[in-house]
Structure formats: C-alpha cells, structure tokens
Amino acid sequence: MPHRLHPIKVERFDVTARTNTDPKGMVRPVEHFRVLPWGLYMGRPADHPQFDYLESWLLPSLHLRASIFHFRPGHERDQDRYVDVGIFWRDGDIWHSRDHYLDLVVSTGRGTRVEDIDELFAAVAAGVLDTDDAERAVATALTAVDGIASHSHDLDAWLASQGFPVEWR
C-alpha cells in the first residue's frame, strides 16, 4: 500500500540548550544528552499519545539512529529497537539528522525487518531524494540487517561489535 509522500524529516539536537527540534519544528526539552566521540545519546519525555519517553543514539559513521520508544500501556508494539537510516552530523554542540526514509524494526532474538521501502522509491521518483542518497540508504540498511541478524537479531550486540557500545536508561 503506497504511503503519501512526506518531506525528508530533519531534526536538530542542541546539547547546550538541552533541546530536540523534531521534524515538525516543535522544540522539546531533553533530560539527558551524552556526547561520545562516535555518537550522541538523547533521552527525553514525549507527549505522544502512544509513547511517553524516547531514547535515541545518533551514530553518524554508520548512517543510523537507533531508538527505544517507551510505549504507553495498550500501545505496545512487537519491537525492541527502531532504527532510522539517514545522515547524521555534528556542528559544535548542535547535532543534525536527515532521515532517508528506510527504517529497521528489531525484535531482539526474533527478527529484523526493513520498512518504508515504498516511501524511499516515491521520494526518489519525486526528486525529493537523489539516487546517491537512496543507494547509500539501501546499502546501509542491508549492512545493518546482516550485522544485526549475525548477532541473533540483537542490535546492541552488533553495535558493540562495531565499537559502539550503546547504553540505555
């Protein structure tokens, strides 16, 4: 089923101001930032109807953002980790995110699936995303799925094996 094409989602993470500007331009307070040479951790409350807390790791060299959504009762999903494919970079104390449509949904120990391939194709067809970025997104997703699967569908174990020992709250 085709999705309605949406613009590329961009976010901003201001470590000094302790804020996260979401793709809709909403500035949200952040409880915890942790800056490491290889990535940025963010933990913040969420006023979303389905989840009340969001944790994310931006991993620029892997072109990935790994997240845990803390779902509210009645809104739980069969996922332990949610991974966005895109580009992520740091400019001083401000980090940036540019999503490239593809997402990975990890159910630890059970499986990893790729989602929103139709959105990626639609974005390329509409000229919203260029073919170089789309090819990088596909290669990134395939590498990540292969790595996660080779670690019994455990994203954290795969990331640790790559030199990115993520920790969550």
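In what follows, residues are counted from 1 in the order of the sequence shown.
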same_hphob_cluster([X], [Y]) at 4.5 Å side-chain heavy-atom cutoff:
X: L64; Y: I8; result: yes
X: W168; Y: F164; result: yes
X: V10; Y: L120; result: yes
X: V15; Y: V27; result: no
X: I87; Y: L142; result: no

[X] side, atom [atom1]; [Y] side, atom [atom2] - distance, nearest 0.5 Å:
X: S56; Y: F69; atom1: OG; atom2: CZ; answer: 6.5 Å
X: R136; Y: L102; atom1: CZ; atom2: CG; answer: 12.5 Å
X: L62; Y: T143; atom1: CG; atom2: OG1; answer: 9.5 Å
X: W158; Y: S152; atom1: CH2; atom2: OG; answer: 14.5 Å
X: L36; Y: E167; atom1: CG; atom2: CD; answer: 8.5 Å

Residues [X] and [Y] bridged, charged N to O under 4.0 Å:
X: D47; Y: R28; result: yes
X: E115; Y: R113; result: yes
X: K9; Y: D84; result: no

Pair V35, W95 - check side-chain contact (heavy atoms from CB on, under 4.5 Å), show working. CA-CA 10 Å; V35 178; W95 293 61; 4.0 Å; yes
Under 3.5 Å, is there a donor-acceptor pair linking the side chains of [X] and [Y]?
X: H32; Y: E55; answer: no
X: T112; Y: H153; answer: yes
X: H100; Y: R98; answer: yes

Check for a donor-acceptor pair, side chain of [X] on one end and backbone N or O of [Y] on the other, with a separation under 3.5 Å.
X: Q79; Y: R77; result: no
X: S107; Y: D78; result: yes
X: D14; Y: R18; result: no
X: D116; Y: E119; result: no
X: S150; Y: G147; result: yes
X: W57; Y: M42; result: no
X: R72; Y: H48; result: yes
X: D91; Y: I94; result: no

Heavy-atom count around Y53 OH within 6.0 Å, excluding the residue itself: above 12? yes
Given side chains that start at C-beta, do those of [X] and [Y] come closer than 4.5 Å, heavy atoms only?
X: L54; Y: R44; value: yes
X: D154; Y: I148; value: no
X: P45; Y: E31; value: yes
X: D103; Y: V85; value: no
X: H96; Y: R90; value: no
X: D80; Y: I68; value: no
X: E11; Y: T21; value: no
X: V30; Y: F13; value: no

So, do F33 and Y41 have ring centers that fall under 6.0 Å from each other? no
Are H6 and Y101 an aromatic pair, judged by ring center distance below 6.0 Å? yes
For [X] versus [Y], what's the shortest heavy-atom pair and its separation?
X: F88; Y: S97; answer: CE2-OG, 3.3 Å
X: L104; Y: A141; answer: CD2-CB, 4.2 Å
X: G74; Y: E76; answer: N-OE1, 3.0 Å

Quick one: do T108 and L155 satisfy side-chain contact (heavy atoms from CB on, under 4.5 Å)? Show the steps, please. CA-CA 7 Å; T108 303; L155 173 69; over 6 Å; no
